[in-house]
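Okay, structure first, notes after.
Note that ligands are numbered from 1 as they come in the structure, with each ligand's atoms numbered from 1 the same way.
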Amino acid sequence: MPKTVELIIDGKSHHLPVIEGSENELAIDISDLRDNTGYVTLDVGYKNTGATQSAITFLDGETGILRYRGYAIEDLAEKSSFLEVAYLLVFGELPTKAQLDKFTHDITTHTLVHEDVKKILDGFPSTSHPMGVLASLFCAQTAFYPESLDPNRSTEGVYLSIVRSLAKMPTFAAWAYKNAVGHPVNYPDNKLGYCARFLKMMFALPAEDFEVDEVVADALDKLLILHADHEQNCSTSTVRIVGSSKASIYSSISAGINALWGPLHGGANQEVIVMLENIKKDGGNTDKWIDKAKDKNDPFRLMGFGHRVYKNFDPRAKIIKKAADDVLKKLGVNDPVLDIAKRLEEIALKDPYFVERKLYPNVDFYSGIIYRALGIPVDMFTVMFAMGRMPGWIAQWKELRENKEPIGRPRQIYTGQKLRPFLEISKR
Ligand code: ACO
């Protein structure tokens, strides 16, 4: 007999179905609640609300598990490549060699963006944050590929949009940076791999030779894998809700880029470095800053700490911490803020305030330190995150479309004024 949950309202009993996921996650299906009872649920910040049933990413915040399509993040980070992971997320299975070769080829041959994109870029002042430029350029693809607006696009058409999204993202990202520093843009070099190509577009200068450092390209590839999906977070839910109106893939993902930008989400990696630098400038007294983070009258929070879902450890942070050590060693970089970060972590992990609230370093705590060692400027950290998250956003948008999910439209509990008579301005 299917499991149900009994809900008693005003003495009347209602039986609500229980949904069980493949990893035994349980949910109470309330889809008929309002029709049957007149009640809605209230869950500000969606802390207890499942917005969808998804087969893409599994994460268990209590035990620190993250899997893409059933594969452990630790295995993928060690043995896979970003484009292979992208294929896995988007199409559901690991590719064969032939499938990956074709996918890589398709992406490589779509890296160039329309020359008129430069005109749009020219309109942005150099003070523009690259995330704003990225979101705008990404959305502007709807103008260059108006057929992408068709909500009933063929599978081949959707495939082309997917390939274009992955292919052009690094070009937009590097161009957003070039705009910020006032340098001429570089065109994609299709002889290079995905990350090496991005690094060349980002760092090559017309008057100088540029060789991509393979250590840097490999480290970036690993970081992109770690960021590739994270189920229904703020930006992904944004992509799904925008996509649910049958908006195009480009406009849905552009909305996700904007959602990622905030300091409580993807913007945290930038904030972590700013915080660590401030602590360094202040003399490196980590105890003082830990006290500030605990003080309820002080708005300061330990950036890169805490997570809505992970309440034990963030598996990505573990991998990144080790990668930070490896990359800095390989590149011969000695960054004093890495020591400050490690000290903060050590103190926080023993401090009852952080222990009781289950606050652990999240993915952003160490990623900024690696980005910095790779030569990526602070303003570009969240852009790197967006580049990594692209396959996840695509997979979630595609799944929503294939599941034919209805338009996202939450309810609310109105707490404003009741009906009152309107007085003309002369009588107020
Ligand atoms: N420093 C100090 N205290 C914290 C921190 C922190 N970083 N994070 C949470 N707390 C405290 C809160 O003050 C609150 O304490 P209280 O119960 O005494 O009021 C308690 O821990 C719970 O915090 P909430 O804000 O309610 O937790 P929520 O799940 O809503 O927020 C979030 C999670 C936004 C990640 C939060 O931990 C935070 O602001 N962290 C810093 C920003 C950050 O690193 N964001 C990146 C997240 S990862 C990502 O998006 C990729």
Side-chain angles (χ1 to χ4, degrees), residues 43-49 57 59-62 64 66 68 73 131 223-239 256-276 278-279 286-321 337 340-341 343-371 378 381-393 396:
D43 184 20
V44 179
Y46 309 119
K47 293 194 180 195
N48 304 284
T49 297
T57 289
L59 83 81
D60 180 343
E62 307 305 326
L66 174 62
Y68 301 157
I73 190 66
M131 279 297 276
L223 283 169
L224 297 189
I225 292 174
L226 293 175
H227 286 92
D229 194 50
H230 212 234
E231 53 115 302
Q232 311 310 314
N233 51 74
C234 175
S235 56
T236 302
S237 303
T238 302
V239 170
I257 295 171
N258 281 314
L260 187 73
W261 192 354
L264 294 190
H265 192 14
N269 53 16
Q270 178 169 346
E271 297 300 320
V272 170
I273 287 291
V274 172
M275 173 187 82
L276 294 174
N278 282 340
I279 297 176
T286 38
D287 287 329
K288 172 181 159 190
W289 289 79
I290 291 276
D291 287 344
K292 271 168 76 62
K294 290 172 3 185
D295 182 355
K296 290 288 164 208
N297 298 317
D298 189 324
F300 174 75
R301 276 192 168 196
L302 202 52
M303 297 312 287
F305 252 76
H307 197 275
R308 171 59 64 78
V309 182
Y310 292 121
K311 301 296 176 195
N312 181 334
F313 67 93
D314 179 339
R316 302 166 302 170
K318 266 196 174 173
I319 301 171
I320 288 190
K321 184 181 178 187
V337 302
I340 294 178
R343 245 181 6 250
L344 281 175
E345 181 185 348
E346 203 183 316
I347 301 169
L349 291 185
K350 286 189 205 129
D351 189 301
Y353 174 95
F354 293 90
V355 174
E356 278 158 22
R357 289 170 180 75
K358 301 184 174 170
L359 301 170
Y360 296 88
N362 60 49
V363 67
D364 289 325
F365 195 61
Y366 289 103
S367 65
I369 294 172
I370 306 192
Y371 288 139
V378 175
F381 287 2
T382 316
V383 170
M384 297 293 106
F385 192 153
M387 226 163 92
R389 186 52 56 85
M390 182 58 60
W393 287 332
Q396 303 272 350

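The side-chain contact (heavy atoms from CB on, under 4.5 Å) with Phe381 is formed by just one residue from the set Ile273, Val272, Asp364; it is Ile273.
Not a single heavy atom of Phe365 sits under 4.0 Å from any atom of ligand 1. Distances from ligand 1 to the non-hydrogen atoms of Lys296 include at least one value under 4.0 Å. Within the structure, the closest approach of His230 to ligand 1 does not fall below 4.0 Å when heavy atoms are considered. Under the 4.0 angstrom criterion for non-hydrogen atoms, Phe300 is not in contact with ligand 1.
When non-hydrogen atoms are compared, ligand 1 lies under 4.0 Å from neither the backbone nor the side chain of Val272. At a heavy-atom distance under 4.0 Å, only side-chain atoms of Asn362, from C-beta outward, approach ligand 1.
Under the 4.0 Å distance rule, the nearest protein heavy atom to atom 22 (C) of ligand 1 falls outside the cut-off. Taking a distance limit of 4.0 Å, we find that atom 18 (O) of ligand 1 is approached by some protein heavy atom.
Heavy-atom neighbours of Tyr46 OH from other residues, nucleotides or ligands within 6.0 Å: at or below the threshold of 12.
In terms of N/O distances under 3.5 Å, ligand 1 is approached by Leu302. Ligand 1 has an N or O atom lying under 3.5 Å from an N or O atom of His265, backbone or side chain. For ligand 1, the polar-atom distance check finds no N/O of Phe354 at less than 3.5 Å from any of the ligand's N/O atoms. Checked against a 3.5 angstrom limit, the closest N/O atoms of Asp364 and ligand 1 fall outside it. Geometrically, ligand 1 and Phe385 share no nitrogen or oxygen pair separated by less than 3.5 Å. Annotation: Gly304 places an N or O atom under 3.5 Å from an N or O atom of ligand 1; distance criterion only.
Of the protein's heavy atoms, Tyr353 OH, 2.9 Å lies nearest to atom 3 (N) of ligand 1. Looking from atom 41 (C) of ligand 1 to the surrounding protein, the closest heavy atom is Phe305 O, 3.4 Å.
At least one donor-acceptor pair closer than 3.5 Å links the side chain of Asp43 to the backbone N or O of Thr49.
Between His307 and His230, the two ring planes are perpendicular [angle over 60°; tilted spans 30° to 60°].
The ring pair (Phe, Tyr, Trp, His ring centres under 6.0 Å) test applied to Phe365 returns Phe305, not counting sequence neighbours.
Here atom 12 (C) of ligand 1 lies nearest to Arg301 when heavy atoms of Met303, Arg301, His307, Arg308 are compared. With atom 35 (C) of ligand 1 as the reference point, the heavy atom nearest to it among Gly306, Pro263, Cys234 is part of Gly306. Proximity annotation for atom 26 (O) of ligand 1: of His227, Arg357, Lys47, Lys47 comes nearest, heavy atoms only.
For Glu345 and Tyr366, the side-chain atoms include at least one donor-acceptor pair closer than 3.5 Å.
Each of the atoms 39 (O), 45 (N), 46 (C), 47 (C), 50 (O) of ligand 1 lies under 4.0 Å from some heavy atom of Leu264.
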